[in-house]
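Worksheet: one structure, shown below.
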Amino acid sequence: MMVNIPDKMKAIIKEKPGRGAKLVTVDVPKDLGSHDVLVKVYATSICGTDLHIYLWNKWAQEHIRPPQTMGHEFAGEVVAVGEEVSMVQIGDFVSSETHIPCGKCKQCRTGNMHVCQHLKILGVDMDGAFAEYIRVPEIVLWKNDPSIEHVWASVQEPLGNAVHTIFVEDVTGKNVLVTGAGPIGLLAIEVLKTAGVAKLIVSEVNSYRRELAKSIGADVVVNPLQESLVDVVKRETDGDGADVLIEMSGNEKALIDGLTSLTPAGRASLLGVYDDDVMINLNDLVIFKAIRIYGITGRKMFDTWYRVGDLLKNKKLDLSKVITHVLDFEDYEEGFHLMEEGKCGKIVLKL
Ligand code: NAD
Ligand code: ZN
């Protein structure tokens, strides 16, 4: 069933290899498979992955086949459903997991859909959310509580990265170190504030983001280019070191300093993605310290989404400081420039 849907729409696409993105008019993807849903996008936030596609870095060159609509973090309204769709209805306020699992492989069948062997990614392997409408398979749709505002609902996917990274083990009453206060690190600070941590130490090289980290609620903010992170963490934890490392910089030095700052038998969760192979002294930093390291990819489906949705629905999180810019869809270039300069937290485009 379909009502009042135009044939054409605005979309921000990666038109061709090289730097940039273009606002164009394309067809609305009305041809729905039996399990597909058409969503009218209200708000869509810019991810570091979108910036990589915009800048056309090595990863983008290897993964993106232009022309393709960018974007994957969004909130919107269901406007049409395929014949077999039963999870959502026209009019529902929804967001979506970005990772589309096959539902059939060993991982999918054993509670590990987020590492499906045949994962497809919205806005990477198929057209994305920087458009007035997006077609999404129902398996990844998430129904939002209607009380959540559109802009906040649109950042649940990266917020889910933070929630997944933080809560793989208990954090309550612990000394926590977050390395890297980019958009996801800043979301992590907001989440950690709700979790009753004893002390929250944040390390960040960018001064704009250090200020933001402080104003969101970090207890101690460190510039690792000016002071020794290891010394500060020791000092702030009575010489013991941090109980938990939340690594969100993707920087080798931050990782090594973070692991060095951990107390023996501590826990590290690594979300950051590194440009190159990383050399660490496993004996000294991990094995003889009996450290537990978790590699974190995406969100647990859908455990993470229930947590994120409930935190927002019950107004336990305040995203007003983390979301530093809400721009008109047409002003996407400004968003990419702000991200390139690092003078932002999370940026959302409104349609
Ligand atoms: P981002 O690159 O915007 O943020 C990283 C931050 O780390 C920046 O603010 C940067 O200034 C800071 N930083 C760099 N070097 C540092 C150092 N030595 N010490 C302290 N801070 C330092 O990225 P983001 O969007 O916030 O994402 C965080 C990380 O998580 C990135 O590496 C990203 O690629 C990765 N990521 C992973 C997944 C996953 O599923 N594993 C998903 C999304 C993002
Ligand atoms: Zn699978």
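Everything quoted here is computed from the prediction, not taken from an experiment. In listed order, ligands and their atoms are each counted from 1.
Remark: ligand 1 and M248 share no N or O pair separated by less than 3.5 Å (distance only, no angle test). Checked against a 3.5 angstrom limit, the closest N/O atoms of P224 and ligand 1 fall outside it. An N or O contact shorter than 3.5 Å is missing between N206 and ligand 1 by distance. Ligand 1 has no nitrogen or oxygen under 3.5 angstrom from a nitrogen or oxygen of H52.
Rounded to 10 degrees, the SG-metal-SG angle spanning C116 and C108 at the Zn ion (ligand 2) equals 110°.
Less than 4.0 angstrom separates some heavy atom of G250 from each of these atoms of ligand 1: 32 (O). Below 4.0 Å from some heavy atom of R209 lie the following atoms of ligand 1, by number and element: 3 (O), 8 (C), 9 (O). Close approach to S203 involves these atoms of ligand 1, each under 4.0 Å from a residue heavy atom: 19 (N), 20 (C), 21 (N). Annotation for ligand 1: atoms under 4.0 Å from non-hydrogen atoms of T297 are 40 (O), 41 (N). For ligand 1, the atoms closer than 4.0 angstrom to any heavy atom of G272 are 29 (C), 30 (O), 32 (O), 35 (C). For ligand 1, the atoms sitting less than 4.0 Å from at least one non-hydrogen atom of G182 are 4 (O), 6 (C), 9 (O), 26 (O), numbered in the order shown with element in parentheses. Annotation for ligand 1: atoms under 4.0 Å from non-hydrogen atoms of G298 are 39 (C), 40 (O). Each of the atoms 40 (O), 42 (C), 43 (C) of ligand 1 lies under 4.0 Å from some heavy atom of N161.
Contact annotation: for I296 versus ligand 1, heavy atoms closer than 4.0 Å belong to the backbone alone.
Inter-residue side-chain proximity for S154 and T44 is flagged as unmet; no heavy-atom pair is nearer than 4.5 Å. Counting heavy atoms from C-beta on, the side chains of V176 and I201 never come closer than 4.5 Å. Taking 4.5 Å as the limit, some side-chain heavy atom of I5 sits within range of a side-chain heavy atom of Y133. Residues L270 and I293 form a side-chain contact, since some pair of their non-hydrogen atoms from C-beta on lies under 4.5 Å apart.
Inside a 4.0 Å radius of atom 23 (O) of ligand 1 there is not any protein heavy atom.
Y54 OH to H337 NE2: the interatomic distance, rounded to the nearest 0.5 Å, is 3.5 Å.
For K193, the NZ atom counts as densely surrounded, since its 6.0 Å shell holds more than 12 non-hydrogen atoms of other residues, nucleotides or ligands. Annotation for E149: atom CD counts as buried by contact number, over 12 foreign heavy atoms lying within 6.0 Å.
Using 4.0 Å as the threshold, G342 has no heavy atom nearer than that to any atom of ligand 1.
For H150 and F93, the ring centers are positioned less than 6.0 Å apart.
Among the atoms of C105, an N, O or S atom is found under 2.8 Å from the Zn ion (ligand 2).
Among protein heavy atoms, the minimum distance from atom 32 (O) of ligand 1 is reached at V273 N, 3.1 Å.
If you check each of V202, N251, T179 against atom 15 (N) of ligand 1, the one with the closest non-hydrogen atom is N251. Closest heavy-atom approach to atom 1 (P) of ligand 1 among the candidates C47, P183, A188, G48: P183. For atom 35 (C) of ligand 1, the choice among I184, I46, N223, L271 with the nearest heavy atom turns out to be L271.
Checking side-chain atoms of H164 against main-chain N and O of G298 turns up a donor-acceptor pair under 3.5 Å. For the pair K214 (side chain) and D219 (backbone), a donor-acceptor distance under 3.5 Å is present.
Closest heavy-atom contact between R65 and H63: NH1-O, 3.6 Å.
For the residue pair S207/R209, the side-chain donor-acceptor check at 3.5 Å is not satisfied.
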